[in-house]
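Notes follow once the structure below has been shown.
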Amino acid sequence: MAKYKIGITEAGDAGLDLSWTSKMNQIDGAILITKCVSPDFYDAALKYKDKVIIHTTFTGFGHSVLEPFVPAPYDEFDAITTLVGGGFPKSKIVVRIDPIIPTKKGIETAKNVFLTFIDHGFNRFRISLIDMYPHVRRRFKNAGLPLPYGENGFAPDKQQIAQVDQMLRDIKSYFSNSRPLDSIRIESCAEPGLTETIQCGCISSYDLELLGLHDDNADQYGFQRKNCMCYSGKMELLNQKHPCTHQCLYCYWRYPGWQESHSRDIADM
């Protein structure tokens, strides 16, 4: 049995839905996942900085056809660095490149995200590769975007995984030019094909230690779905059962009644 209760905001965006703040007295710590470091989130994050780790999701495609209502990359980067400047520990910020689209443009975009954050002193990252659900494939087609895995593909093939692994090796080589290589953490969960990542849950023993907690069995139980490695004390902090207002094309939520077309284009993705 898990020793602690650790909250997480996987059902929505913690920067848009601050209902998680009302549950902070019920948990031992929290992982807050957001694409939007809003002013209200800024204040709440600083208030609970000793008790939370922030996963700032940053794909590099904000305010594009792929993520139409996510802040533009330069705006969100400024908001993240402002949060650090305001006193939130950089060691408790995880740059979450989630998802990576394993095409030429998708991998180049992810690489640029890595390089930008590394150049500004960040060293912890989490990645995933895009899941192409049937409804996601329909959205891509409606938006005029190519399907990264073809008409019926859900997951990347071995060659695409190998290309992402090569990009990660390049990133590690770049990082090692200025800092010890063992100080970079590039993590993934439920991505068993990748060889260049640390395989661990979104909540792991590493996170518990960052939060000042310790559980000898932290990494020995979990597995809430196939290949999931998350700490079994994880509990959802958001109650919404619908997509958030970002309206990302790759969202696993379905969008009943949503007009799945956009005028902006990102050619040759």
Can the positive tip of Arg139 be found less than 6.0 Å from the middle of the six-membered ring of Tyr250, inside 45° of the ring normal?
no

Using only atom types and a distance under 3.5 Å, with no angle test, would you say the side chain of Arg179 pairs donor to acceptor with the backbone of Asn123?
no

Non-hydrogen atoms of Pro71 and His246 that approach each other most closely:
CD-CE1, 4.4 Å

With clusters defined by side-chain heavy atoms of hydrophobic residues (ILVMFWY) lying less than 4.5 Å apart, directly or transitively, does Tyr252 cluster with Leu145?
yes

What about Phe69 and Tyr74, same hydrophobic cluster or not, with Ile/Leu/Val/Met/Phe/Trp/Tyr joined at side-chain heavy-atom distances under 4.5 Å?
no

If Ile, Leu, Val, Met, Phe, Trp and Tyr residues are connected whenever their side-chain heavy atoms lie under 4.5 Å apart, and connections chain through other members, are Ile93 and Trp20 in the same group?
yes

Donor-acceptor under 3.5 Å (Thr9 side chain, Ile33 main chain)
yes

Which distance, rounded to the nearest 0.5 Å, do you find between the CG of Leu249 and the CD1 of Ile101?
9.0 Å

Decide side-chain contact (heavy atoms from CB on, under 4.5 Å) for Glu187 and Arg124; before the verdict, give the C-alpha distance in whole Å, the side-chain angles of both, and the deciding distance to 0.1 Å.
CA-CA 8 Å; Glu187 306 169 346; Arg124 188 177 177 196; 2.9 Å; yes

Could you tell me which non-hydrogen atom of Ile161 sits nearest to which non-hydrogen atom of Pro156, and how far apart they are?
CG1-CG, 3.9 Å

Lys5 side chain to Asp28 backbone, donor-acceptor under 3.5 Å:
no

Steps toward side-chain contact (heavy atoms from CB on, under 4.5 Å) verdict (Leu194, Glu196):
CA-CA 6 Å; Leu194 292 173; Glu196 294 297 323; over 6 Å; no

Could you check if a side-chain atom of Ser204 sits within less than 4.5 angstrom of a side-chain atom of Glu209, using non-hydrogen atoms only?
no

Verdict with supporting geometry, Phe125 and Phe114, ring-ring contact (aromatic ring centres under 6.0 Å, His included):
CA-CA 8 Å; Phe125 302 85; Phe114 270 110; 4.7 Å; yes

Is there a side-chain contact between Ile171 and Lys111, using heavy atoms and a 4.5 Å cut-off?
yes

Cluster link Phe77 to Val95, ILVMFWY, side chain under 4.5 Å
yes

Tell me, please, which residues at least two apart from Ser19 pass side chain to side chain donor-acceptor pair (under 3.5 Å).
Asp17

Taking only residues two or more places apart in sequence or in another chain, which ones pass ring pair (Phe, Tyr, Trp, His ring centres under 6.0 Å) with Phe122?
Phe117

Examine the side chains of Ser128 and Asp98 and answer whether a donor and an acceptor come within less than 3.5 Å of each other.
yes

Report yes or no: does Glu191 contribute a side-chain atom to a donor-acceptor pair with the main-chain N or O of Leu129 at less than 3.5 Å?
yes

Where is the tightest heavy-atom contact between Tyr42 and Gly86, given as atom of each residue plus distance?
OH-CA, 3.4 Å

Min side-chain heavy-atom separation Ile6-Leu208 under 4.5 Å:
yes

Does a side-chain heavy-atom distance below 4.5 Å link Cys36 with Phe41?
no

Sub-4.5 Å side-chain heavy-atom contact between Val136 and Arg138
no

Could you tell me the separation between the CG atom of Asp215 and the OG atom of Ser232, rounded to the nearest 0.5 Å?
8.0 Å

So CD1 of Ile80 and CZ of Phe88: to nearest 0.5 Å the spacing works out to 11.5 Å

So Lys35 and Glu67, side-chain contact (heavy atoms from CB on, under 4.5 Å) or not? Walk me through it.
CA-CA 10 Å; Lys35 296 177 181 174; Glu67 298 176 340; 4.1 Å; yes

Give the C-alpha distance, both sets of side-chain angles, the deciding distance and a yes or no for side-chain contact (heavy atoms from CB on, under 4.5 Å) between Phe140 and Leu66.
CA-CA 8 Å; Phe140 269 55; Leu66 194 67; 3.5 Å; yes

Same apolar cluster: Met167 and Ile198, side chain cutoff 4.5 Å:
no

Hey, are Glu151 and Arg137 close enough for a salt bridge, meaning a charged N less than 4.0 Å from a carboxylate O?
no

First locate atom CD of Gln160, then atom CD1 of Ile100, and finally report the distance between them rounded to the nearest 0.5 Å.
12.5 Å

Distance-only check: which donor-acceptor pairs under 3.5 Å involve side-chain atoms of residues 47-57, not counting sequence neighbours?
residue, atom, partner, partner atom, Å
Lys51, NZ, Met24, O, 2.5
Lys51, NZ, Ile27, O, 2.9
His55, ND1, Arg96, NH1, 2.8

For the residue pair Gly62 and Thr59, what are the closest heavy atoms and their distance?
N-OG1, 4.4 Å

Look up atom CD1 in Ile97 and atom OG1 in Thr109, then write down how far apart they are to the nearest 0.5 Å.
10.5 Å

Mind checking whether Cys251 and Gln247 have side chains closer than 4.5 Å, heavy atoms only?
no

For Ile8 and Cys202, work out which heavy atoms get closest and say how close.
CD1-CB, 4.0 Å

Set out, in order, the CA-CA distance, both residues' side-chain angles and the distance that settles side-chain hydrogen bond (donor to acceptor under 3.5 Å, both in side chains) for Ser173 and Asp170, then state yes or no.
CA-CA 5 Å; Ser173 177; Asp170 293 342; over 6 Å; no

Verify, without hydrogens or angle tests, whether Glu236 (side chain) and Glu10 (backbone) share a donor-acceptor contact under 3.5 angstrom.
yes

Distance col, row Met132:CE vs Asn152:CG, nearest 0.5 angstrom, shows 11.0 Å

Close side-chain approach of Asp13 to Thr245, heavy-atom, < 4.5 Å:
no

Quiz question: by atom type and distance under 3.5 Å, do the side chains of Tyr231 and Asp207 form a donor-acceptor pair?
no

Within a reach of under 6.0 Å around NZ of Lys172, are more than 12 heavy atoms found that belong to other residues, nucleotides or ligands?
yes

Quick check against the 3.5 Å criterion: does Thr82 have a side-chain atom that pairs as donor or acceptor with the backbone of Asp78?
yes

Go through Asp131 and Tyr149 one step at a time and tell me if the side-chain hydrogen bond (donor to acceptor under 3.5 Å, both in side chains) criterion holds.
CA-CA 9 Å; Asp131 291 330; Tyr149 311 142; over 6 Å; no

State, with a plain yes or no, whether a side-chain heavy atom of Leu211 is found less than 4.5 Å away from one of Lys92.
yes

Nearest heavy-atom approach of Ser38 to Gly15 is OG-O, 3.0 Å

Distance-only, no hydrogens or angles: does the Thr197 side chain make a donor-acceptor pair with backbone N or O of Gln199 under 3.5 Å?
no

